[in-house]
Amino acid sequence: MYICSRAIAPIARNVLSRATVRPAIATCNFHTSTAKKDIDQAAKYIGAGAATVGVAGSGAGIGTVFGNLVIGYARNPGCKQQLFTYAILGFALSEAMGLFCLMMSFLILFAF
């Protein structure tokens, strides 16, 4: 092992002494192909479609809220004002979730 290190050491010193320091130049080597861009575009459409599914859930939630409001009126007409207040609150929360889903869909399509 000692003989090997005696033979390699002069070569390593010679190579390291000739090493030059190159200035750092910023280069952009990032290129995308058209196939990659097509895949990215397809992924955006799939993600936007998946985010839009929440709007259907919002519609089902609104239908459930007002369906139960009608059932509540039928069972207890005396609590009409309180039931209507709760129904409007449920409608607002359900609609807000649908709008958040729609907003995420538009963000996926146009911001990324």
Side-chain angles (χ1 to χ4, degrees):
M1 184 152 148
Y2 178 69
I3 295 170
C4 183
S5 64
R6 283 181 49 194
I8 294 176
I11 296 170
R13 276 192 296 252
N14 191 11
V15 169
L16 291 175
S17 66
R18 283 189 278 159
T20 59
V21 178
R22 295 181 185 170
I25 299 172
T27 59
C28 183
N29 293 329
F30 183 71
H31 299 287
T32 58
S33 64
T34 47
K36 172 76 172 152
K37 290 179 184 175
D38 289 343
I39 291 171
D40 290 344
Q41 193 69 23
K44 283 172 61 171
Y45 289 141
I46 291 169
T52 309
V53 171
V55 177
S58 173
I62 292 169
T64 302
V65 165
F66 285 108
N68 288 331
L69 176 67
V70 170
I71 292 171
Y73 281 170
R75 288 183 181 215
N76 193 358
C79 294
K80 182 177 180 180
Q81 187 59 39
Q82 186 179 7
L83 289 174
F84 186 73
T85 304
Y86 289 149
I88 293 298
L89 179 64
F91 165 77
L93 292 175
S94 183
E95 186 69 22
M97 293 309 294
L99 290 175
F100 288 148
C101 292
L102 194 62
M103 178 189 67
M104 288 307 298
S105 174
F106 285 138
L107 279 175
I108 289 170
L109 280 178
F110 299 116
F112 297 107

Exactly one of I88, N68, L69, I71 clears side chain to side chain contact (heavy atoms under 4.5 Å, CB included) with L83, and that residue is L69
Checking T85 side chain against Q81 main chain: does a donor-acceptor pair fall under 3.5 Å? yes
Say whether Y86 and Y73 are linked into one hydrophobic cluster, either directly or through other cluster members, by side-chain heavy-atom distances under 4.5 angstrom. no
CZ on F100 to OG on S58, rounded to 0.5 Å: 11.0 Å
Between C101 and A51 the two heavy atoms that sit nearest each other are CB-O, 3.3 Å
With rounding to the nearest 0.5 angstrom, report the CD to CG distance, Q41 to L109. 8.0 Å
Any chance you could measure I108, atom CD1, to I46, atom CD1, to the nearest 0.5 Å? 11.5 Å
Using the rule that two of Ile, Leu, Val, Met, Phe, Trp, Tyr join whenever any of their side-chain heavy atoms come within less than 4.5 Å, decide whether M97 and I62 are in one cluster. no
More than 12 heavy atoms of other groups within 6.0 Å of K44 NZ: yes
Would you say OH of Y45 has more than 12 non-hydrogen atoms from neighbouring residues, nucleotides or ligands within 6.0 angstrom? no
Is the number of heavy atoms from other residues, nucleotides or ligands within 6.0 Å of CZ (F66) greater than 12? yes
Cluster question for you: counting only ILVMFWY and a side-chain heavy-atom cut-off of under 4.5 Å, with indirect links fine, are V55 and L107 together? no
